[in-house]
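Source: prediction; values computed, not measured. Position 1 is the first residue of the sequence; numbering continues from there.
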Amino acid sequence: MKKNLTKIIIILLLIITAVFYTYRIRFLVDDELFNYGFAKNIIDGLVPYKDFNMIIPPLFAYVTAFFLMIFGEKLLIYHILIAIIITIITYISYKKINKYAIIIYLLLLIYPYTGYNMFALLLFFILLNLKEENKKNYYLEPIIISLIILTKHTLGLLLIPSII
């Protein structure tokens, strides 16, 4: 019980630290505004590629729009979503490399172009986690690779050989 409580407190501290750093300390970059704007446009009823221009596939914009619709159309909600994604990546890393996962956490915080890149990285870490488990997840691997393609098509093309 105490061990689970400690994990929850550490995860909450990581999320709060990431939100504070990305929202208050680090400079706002164009990608954050574009990703937030794409999600806001979807909430407003606009259609990607028809009503506004995007150069990336729209999956992350739809996921962000879903969270913005539920919790409010604020940039802070976008930063909380990114902090949760970074924390999940750190948690998956922690299961494999223990305390050295904090290095991955810090590197992800320093990387300025968060958004669909972090989401694609999260999907990639989930895919690696599935491949390392000895369970029969043959149906999940192509689905996750498809989600990566719908997030960032260049990364998805590099993962096609793993299907074969």
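Taking each heavy atom of Pro58 and Tyr49 in turn, the nearest pair found is CD-OH, 3.5 Å. In terms of heavy-atom proximity, Leu59 sits nearest to Leu147 at CD2-O, 3.4 Å. The minimum heavy-atom distance between Val19 and His79, with the atom names listed, is CG2-O, 4.0 Å.
Not counting sequence neighbours, the partners of Asp51 by the side chain to side chain contact (heavy atoms under 4.5 Å, CB included) test are Leu46, Val47. Here Asp31 pairs with nothing under the salt bridge (Lys or Arg N to Asp or Glu O under 4.0 Å) rule; sequence neighbours left out. In this view, Met69 and Ile43 satisfy the side chain to side chain contact (heavy atoms under 4.5 Å, CB included) rule, not counting sequence neighbours.
Atom CZ of Phe66 has 12 or fewer neighbouring heavy atoms from other residues, nucleotides or ligands inside a 6.0 Å radius. At most 12 heavy atoms of other shown residues, nucleotides or ligands fall within 6.0 angstrom of atom CZ in Phe34. Residue Tyr91 places its OH atom among 12 or fewer non-hydrogen atoms of other residues, nucleotides or ligands, all under 6.0 Å distant.
In this structure, CG in Leu76 is found 5.0 Å from OH in Tyr23, a value given to the nearest 0.5 Å.
Checked by atom type and distance alone, the side chain of Tyr105 pairs as donor or acceptor with a backbone atom of Ala18 at under 3.5 Å. Tyr36 places a side-chain N or O within donor-acceptor distance of the main-chain N or O of Glu73, the cut-off being under 3.5 Å.
Side chains of Asn35 and Tyr116: no donor on one and acceptor on the other come within 3.5 Å.
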